Amino acid sequence: MAMNEPDLISEFQHVEDNFNRAVVTNDISEIKKCITSDWVLVDSQGGIIPQERFFEVLKQGLLSHWAMSKEVLRVKMYGGVALVTGRGQNTGTWQGEPMEADEWITDVYKKDGDEWLCVLTHLTPVKK
């Protein structure tokens, strides 16, 4: 039976909360539990960032997160793929300097057994 959108939003809010908690640990093994082996991050500064590069900046301590939250606003299902769009805020440090972000986020998830794993994260800064 297909879930209605409020149920999907509730389910993926839980999935996103788990992903956020993993990122805030700054622990690569925790983050890997939430993503596929070919996950990429797309943002306005780095373009398509392979996870190896993302993990490298974490390992080097160039990037760390203190807090991260997302509000899931839209979920669309396409078979075993979910497009999850919301608004996210995070704080942390980048290259030793405090940073904060307010972004529109689209995460693409793929069903893997009983779990949803993120395939791609696309970030767009919210225009102030």
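Both backbone and side-chain heavy atoms feed into the values below; hydrogens, waters and symmetry mates do not. In this text, all values refer to a predicted model and were calculated from it rather than measured experimentally.
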Path from Val81 to Phe12 over hydrophobic side-chain contacts below 4.5 Å: no

Contact list for residues 42-55, test side-chain hydrogen bond (donor to acceptor under 3.5 Å, both in side chains), sequence neighbours left out: none

Any residue meeting side-chain hydrogen bond (donor to acceptor under 3.5 Å, both in side chains) with Glu30, in chain and number order, not counting sequence neighbours: Lys33

Taking every non-hydrogen atom, the tightest pair across Tyr109 and Val84: CD1-CG2, 3.8 Å

ring-ring contact (aromatic ring centres under 6.0 Å, His included) partners of residues 66-99, not counting sequence neighbours, each pair once: none

Set of residues satisfying salt bridge (Lys or Arg N to Asp or Glu O under 4.0 Å) with respect to Lys70, sequence neighbours excluded: Glu16, Asp107

Working for salt bridge (charged side-chain N to carboxylate O under 4.0 Å, His left out), residues Glu5 and Lys76: CA-CA 8 Å; Glu5 191 157 27; Lys76 292 295 172 198; 3.7 Å; yes

Pairwise distance CD(Glu11) to CG(Leu8) - rounded to 0.5 angstrom: 6.5 Å

Residue pair Thr85 / Thr106, side-chain heavy-atom distance below 4.5 Å: yes

Step-by-step side-chain contact (heavy atoms from CB on, under 4.5 Å) determination, Ile31 to Leu58: CA-CA 11 Å; Ile31 297 168; Leu58 288 179; 3.6 Å; yes

Transitive ILVMFWY side-chain link Val108 to Val15, under 4.5 Å: no

Leu62 atom CG, neighbour heavy-atom count above 12 within 6.0 Å: yes

Pairwise ring-ring contact (aromatic ring centres under 6.0 Å, His included) hits with a residue in residues 19-42, at least two apart: Trp39-Phe54

Full working for side-chain contact (heavy atoms from CB on, under 4.5 Å) between Asn90 and Glu103: CA-CA 9 Å; Asn90 68 75; Glu103 298 162 317; 3.5 Å; yes

Ile105 versus Gly88, closest heavy-atom pair with distance: CD1-CA, 3.7 Å

Shortest non-hydrogen contact between Asp7 and Asn4, atoms and distance: N-OD1, 2.9 Å

Residue pair Asn18 / Arg21, side-chain heavy-atom distance below 4.5 Å: yes

Hphob cluster co-occupancy, Val42 + Leu63, side-chain heavy atoms under 4.5 angstrom: no

Within 6.0 Å of CD in Gln95, more than 12 heavy atoms from elsewhere: yes

ILVMFWY cluster, Leu117 and Phe55 together (side-chain gap under 4.5 Å): no

Any side-chain heavy-atom pair of Lys111 and Trp116 under 4.5 Å: yes

Within one Ile-Leu-Val-Met-Phe-Trp-Tyr cluster: Leu120 and Ile35, side-chain cutoff 4.5 Å: no

His65 backbone acceptor or donor facing Asn26 side chain under 3.5 Å: yes

Exercise: identify the closest heavy-atom pair between Pro125 and Trp104: O-CD1, 4.4 Å

Residue list, side-chain hydrogen bond (donor to acceptor under 3.5 Å, both in side chains) with Asp102, at least two apart or on another chain: Arg87, Gln89, Lys128

